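Reviewing the structure listed below.
Values below: every heavy atom of this structure, side chains too, minus hydrogens, waters and symmetry copies. All figures in this text were calculated on a predicted structure; none of them were measured in a lab. In each ligand, atom 1 is the first atom listed, and ligand 1 is the first ligand listed.
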Amino acid sequence: MIKEMATLLQPPQSNLVEDILALKKKRNAIILAHNYQIPEIQDIADFVGDSLGLSRQAAKTDADVIVFCGVHFMAETASIVCPDKTVLIPDLKAGCSLADTINAEQLREWKRQYPSAVVVSYVNTTAEVKAESDYCCTSTNAVNVVNSIPRDKEILFLPDMFLGAYVQKKTGRKIHLWPGECHVHAKLDPQTVLGLIEKYPDAEFLIHPECGCVTNCMYLVEEGKIPKDGTFILSTEGMTRHAKQSSAKEFVVATETGILHRLKKENPQKKFIPASESAICEYMKMITVEKLYASLRDLKFEVKVPKHIADRARLPIEMMLAIS
Ligand code: 13P
Ligand code: SF4
């Protein structure tokens with residue numbers, strides 16, 4: 001009965017897209033979608049991108065309302081950089097297992113153990129954790145952010161240990177790693193990748209730095225066990241850029257499968273093979289066209305970071321936006 005009433009309140013699916021576009025105009029809204037969103041959401045969005053690109057779009061928009069089709073920490077970041085705008089997320093339960101691996105009190109305790117260290121937080125963290133950090137970074141600019149810190153400084157890197165180990169190897173810095181991982185990327189392990197290299201010898205390998213295989217892949221590249229010129233460790237946006245420029249015809253993609261929609265759409269003549277069909281982030285998939293419609297109709301669910309936290313989290317985020 002309740003389900004029937006809810007159905008009556010919504011326009012038929014075929015009209016939803018038109019209604020969303022009309023509401024978007026009425027609200028002076030923009031729709032930002034992460035590369036892992038379902039195809040229907042990506043196709044309706046004004047911008048599709050990675051965490052860094054979407055934060056930049058949020059920072060420069062003149063829209064009054066930002067609907068963030070992604071996960072909660074991304075909407076929080078938009079709210080921090082645009083405190084005067086209404087930032088909405090269509091489902092408040094869209095969280096992140098990686099961001100959940102550390103809270104502000106745990107970070108304060110870690111800082112007490114290393115009082116002179118600089119804290120670099122991956123953007124996949126809550127606003128409270130960002131407020132306790134010196135720098136924020138994304139997978140696109142993590143290496144450059146760490147390189148911008150004076151070499152004599154010790155670094156606490158959180159929460160992703162695979163990305164942290166990758167940055168440590170790339171920069172040769174002394175970095176303490178928080179033992180956090182993303183439940184989707186941790187499963188993309190070295191065995192999976194090695195098996196695929198045998199199966200697809202002509203393919204290029206695009207690997208997200210959150211993957212459990214990243215550190216091993218770097219060693220295997222150095223030992224000549226996997227081809228150096230065919231293995232690329234990239235953020236989701238880096239993958240889309242690389243696929244366009246590369247002359248390769250086949251790519252194995254080690255990240256959440258949502259990115260395949262954009263890769264195929266932008267490169268119809270090329271073949272993209274997911275490293276694992278089951279690399280699916282259930283949080284990213286919580287956002288549906290129906291929820292997006294309801295979000296714009298009812299201006300729900302607003303994500304607003306309290307001022308005293310936002311004011312402290314803004315500086316590390318601004319550092320992140322400034323370093324590419
Ligand atoms: P990107 O910044 O590469 O889009 O990654 C975000 C993310 O959540 C990866 O799991
Ligand atoms: Fe978080 Fe992993 Fe989902 Fe990315 S894929 S949003 S890191 S749970």
Closest candidate by heavy atom, reference atom 4 (Fe) of ligand 2, pool Asn124, Val184, Thr255: Asn124
Distance filter under 4.0 Å to Ser139 heavy atoms, resulting ligand 1 atoms: 1 (P), 2 (O), 3 (O)
NZ/Lys111: more than 12 non-hydrogen atoms of other groups inside 6.0 Å: yes
Shortest protein contact, atom 6 (C) of ligand 1 (heavy atom only): Ser51 OG, 3.3 Å
Check against ring-ring contact (aromatic ring centres under 6.0 Å, His included), Tyr114 and His176: CA-CA 10 Å; Tyr114 300 95; His176 301 278; 4.1 Å; yes
Heavy-atom neighbours of Glu109 CD exceed 12 at 6.0 Å: yes
Atom CD of Glu198: over 12 foreign heavy atoms under 6.0 Å: no
Numbered atoms and elements of ligand 1 in range of His208, under 4.0 angstrom, heavy atoms: 1 (P), 3 (O), 5 (O), 9 (C)
Test item, His34 contacting ligand 2 (heavy atom, 4.0 angstrom): no
From Glu210, Met284, Met74, Met239 - option closest to atom 9 (C) of ligand 1 by heavy atom: Glu210
Residues His208 and Thr236: side-chain donor-acceptor under 3.5 angstrom: no
Heavy atom of the protein closest to atom 2 (Fe) of ligand 2 (residue, atom name, distance): Cys182 SG, 2.3 Å
Atoms in ligand 1 with a heavy atom of Ser235 nearer than 4.0 Å: 3 (O)
Subset of ligand 1 atoms that lie under 4.0 Å from at least one heavy atom of Asn124: 7 (C), 8 (O)
Contact check: His34 vs ligand 1, nitrogen or oxygen atoms, below 3.5 angstrom: yes
Heavy atoms from other residues, nucleotides or ligands near CG of Asp152 exceed 12 (cutoff 6.0 Å): yes
N-O pairing of Glu204 and Lys249 below 4.0 Å: no
Asp50 neighbourhood, listing ligand 1 atoms whose heavy-atom distance to it stays under 4.0 Å: 1 (P), 2 (O), 4 (O)
Enumerated ligand 1 atoms positioned under 4.0 Å from heavy atoms of Thr236: 1 (P), 3 (O), 4 (O)
Lys/Arg-Asp/Glu bridge criterion (N-O < 4.0 Å) met for Lys187, Glu256: no
Parallel, tilted or perpendicular, as decided by the 30° and 60° cut-offs, for the rings of Phe272 and Phe251: parallel
His185 touching ligand 1 at heavy-atom level, < 4.0 angstrom: yes
Test item, His183 contacting ligand 2 (heavy atom, 4.0 angstrom): yes
Proximity flag Thr138 to ligand 1, non-hydrogen atoms under 4.0 Å: no
Aromatic plane relationship, His185 with Tyr36 - under 30° parallel, 30 to 60° tilted, over 60° perpendicular: tilted
Any N, O or S atom of Cys96 closer than 2.8 Å to atom 1 (Fe) of ligand 2: yes
Ligand 2 atoms in contact with Ser97 (distance to a heavy atom under 4.0 Å): 8 (S)
N/O/S from Cys281 sitting under 2.8 Å away from atom 3 (Fe) of ligand 2: yes
